[in-house]
Number of protein chains: 2
Amino acid sequence: MDKYDSLLLKNQLCFPTYAVANKILRKYQPLLDNLNLTYTQYITMMVMWEKKTVNEKELCETLYLKTNTLAPLLQRLKEKGYISITKDKKDKRNLVISLTSEGEKLREKAVDVPPSIAEEFNLSEEEAMFLYKILYKILDN
Amino acid sequence: MDKYDSLLLKNQLCFPTYAVANKILRKYQPLLDNLNLTYTQYITMMVMWEKKTVNEKELCETLYLKTNTLAPLLQRLKEKGYISITKDKKDKRNLVISLTSEGEKLREKAVDVPPSIAEEFNLSEEEAMFLYKILYKILDN
DNA sequence: TTAAATTATATCGTGTGCGACATATTTAGC
DNA sequence: GCTAAATATGTCGCACACGATATAATTTAA
């Protein structure tokens, strides 16, 4: 037991997490190219498809991202015509993000993405469940 | 069971993985600021502390990163004085990356990082083991 | 009731991380 | 020996993701 053992790459939990996250992005990108979305734009659209209308603050909390990441990203989604951005009349500090009909249409194309990815992961039901639980435990503590 | 269920954020495995990876980076950064390293530079230094000398290709494979990410990163580590970069005399295509004495010194300061992080994760031994195994299963398939 | 604190968002600069493409060097095939 | 393929690395442009800081709108409190 060396005093430097804790600094070995193979003894880290952070590193495989980081590497797997990168690997996932690489897997998704070719599929998402068909939708003209990046991965972060894709998970943003997931929220939009579900909620139809949200404000930026909700979006930040849901995606665990900061406004300085989302603000320019939302501009790009707007330019692509998938969302609209307006100000809340009651509280002009709030941005109201809404799904457009163009954005709604994209959903039809997107349904093909999750099954294509699932194949790649190659985990058992049990493993997937456990991984899911433990990741949310880390996120929420 | 809706046809769009597979597009719900809460049904994704990719999303919590991605979010946890981001969260880990945010946890590390304040600690790494004391070492004048970014997270990616830190894991690169982990390899250097262990191996002392590597070429860029090995580094790419070890870290699951591409040369277009590592090349400029290595330049920054060189500028900070933690590594040196030379060309292999036998095969001039190969870059030889070597730990400097300055880089070796940094290791002493870095030993404080892993214990500080471990507290944050708050997983049981068993959970950590399982997470570790499953992440490497994904990485290696 | 108005000045201070809080809240929601935007902007800036830095450093990844990637695909696409370019370059230099070595190896293989003939 | 000479050309073609393979290998290792570099460069470019784009899109995150962050901390730090700024700005505008609303709420609170003296």
Side-chain angles (χ1 to χ4, degrees), chain A residues 14-15 18-45 54-80 85-97, chain B residues 14-15 18-45 54-80 85-97:
Chain A
C14 62
F15 170 66
Y18 160 86
V20 164
N22 285 342
K23 182 168 182 170
I24 290 174
L25 294 188
R26 287 194 294 267
K27 288 286 180 194
Y28 267 94
Q29 206 48 69
L31 295 171
L32 296 178
D33 285 345
N34 300 325
L35 310 180
N36 189 25
L37 291 176
T38 65
Y39 178 75
T40 315
Q41 291 167 9
Y42 171 64
I43 59 174
T44 304
M45 288 306 294
V54 288
N55 63 44
E56 193 179 310
K57 185 173 153 53
E58 286 178 74
L59 213 44
C60 288
E61 285 165 2
T62 307
L63 298 175
Y64 301 87
L65 290 171
K66 304 283 160 60
T67 174
N68 49 10
T69 298
L70 282 180
L73 185 150
L74 292 172
Q75 283 305 319
R76 280 178 213 114
L77 286 177
K78 181 186 163 190
E79 283 161 22
K80 294 178 192 195
I85 306 177
T86 54
K87 286 202 170 176
D88 188 342
K89 275 174 191 142
K90 289 182 185 163
D91 186 338
K92 277 179 251 166
R93 291 171 306 180
N94 275 277
L95 276 195
V96 181
I97 323 291
Chain B
C14 61
F15 170 66
Y18 160 86
V20 164
N22 285 341
K23 182 168 182 168
I24 290 173
L25 295 187
R26 287 192 295 265
K27 289 285 180 196
Y28 269 94
Q29 207 48 68
L31 295 170
L32 297 179
D33 285 346
N34 300 325
L35 310 179
N36 190 24
L37 291 177
T38 65
Y39 178 76
T40 315
Q41 290 167 10
Y42 171 64
I43 59 173
T44 303
M45 288 307 293
V54 289
N55 63 45
E56 193 179 311
K57 185 172 154 53
E58 285 177 78
L59 213 44
C60 289
E61 285 165 2
T62 307
L63 298 175
Y64 300 87
L65 290 171
K66 304 283 159 61
T67 174
N68 49 11
T69 297
L70 282 180
L73 185 150
L74 291 172
Q75 283 306 317
R76 281 179 210 112
L77 285 177
K78 182 186 162 190
E79 283 161 22
K80 294 177 192 193
I85 305 177
T86 54
K87 285 203 170 176
D88 188 341
K89 275 176 191 142
K90 288 182 185 164
D91 185 339
K92 278 181 249 165
R93 291 170 306 179
N94 276 275
L95 277 195
V96 181
I97 323 291

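Throughout, a chain's letter reflects where its sequence line sits, starting with A, and its residues are numbered from 1.
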Output yes when at least one side-chain N/O atom of B/Lys92 is less than 4.0 Å from OP1 or OP2 of D/dA8, else no.
no

Counting the atoms with a prime plus P, OP1 and OP2 as sugar-phosphate, which does B/Lys90 contact under 4.0 Å by heavy atoms, base, sugar-phosphate, or nothing?
sugar-phosphate

side-chain N/O A/Lys57 vs C/dA8 OP1/OP2, d < 4.0 Å
yes

Hey, does B/Thr38 reach any base, or is it just sugar-phosphate, or nothing, if we go heavy atoms under 4.0 Å?
sugar-phosphate

For a quick check of understanding: with a heavy-atom distance under 4.0 Å over all strands, which category does A/Asn94 fall into, base, sugar-phosphate or nothing?
sugar-phosphate

Under 4.0 Å, heavy atoms only, any strand: does A/Arg76 hit a base, just the sugar-phosphate, or nothing?
sugar-phosphate

Assign each of B/Asp33 and A/Pro72 to its nearest nucleotide of DNA chain D by heavy atoms, then name whichever residue's nucleotide is nearer the 5' end.
A/Pro72

Regarding A/Leu65, tell me which of base, sugar-phosphate or nothing describes its non-hydrogen contacts under 4.0 Å with the strands shown.
sugar-phosphate

Is a side-chain N or O of B/Glu58 found less than 3.5 angstrom from the main chain of B/Asn55, in a donor-acceptor match?
yes

Report yes if a side-chain nitrogen or oxygen of B/Gln41 is closer than 4.0 Å to either non-bridging phosphate oxygen (OP1 or OP2) of C/dT16; otherwise report no.
yes

Need one value for A/Asp91: base, sugar-phosphate or nothing, where a base atom within 4.0 Å counts as base even if backbone is also close, heavy atoms only.
sugar-phosphate

Please tell me if B/Thr40 has a side-chain N or O lying less than 4.0 Å from either OP1 or OP2 of C/dG17.
yes

Out of curiosity, A/Lys57 NZ to A/Leu95 CG, how far, rounded to the nearest 0.5 Å?
13.0 Å

Salt bridge present between B/Asp88 and B/Lys90 (N-O < 4.0 angstrom)
no

For A/Thr67, which contact category applies under a 4.0 Å heavy-atom criterion: base, sugar-phosphate, or nothing?
base

Once hydrogens and angles are ignored, does a donor-acceptor distance under 3.5 Å link the base of C/dT9 to the side chain of A/Arg93?
no

Give B/Leu70 one of three labels, base, sugar-phosphate or nothing, depending on what nucleic acid heavy atoms sit under 4.0 Å from its own.
nothing

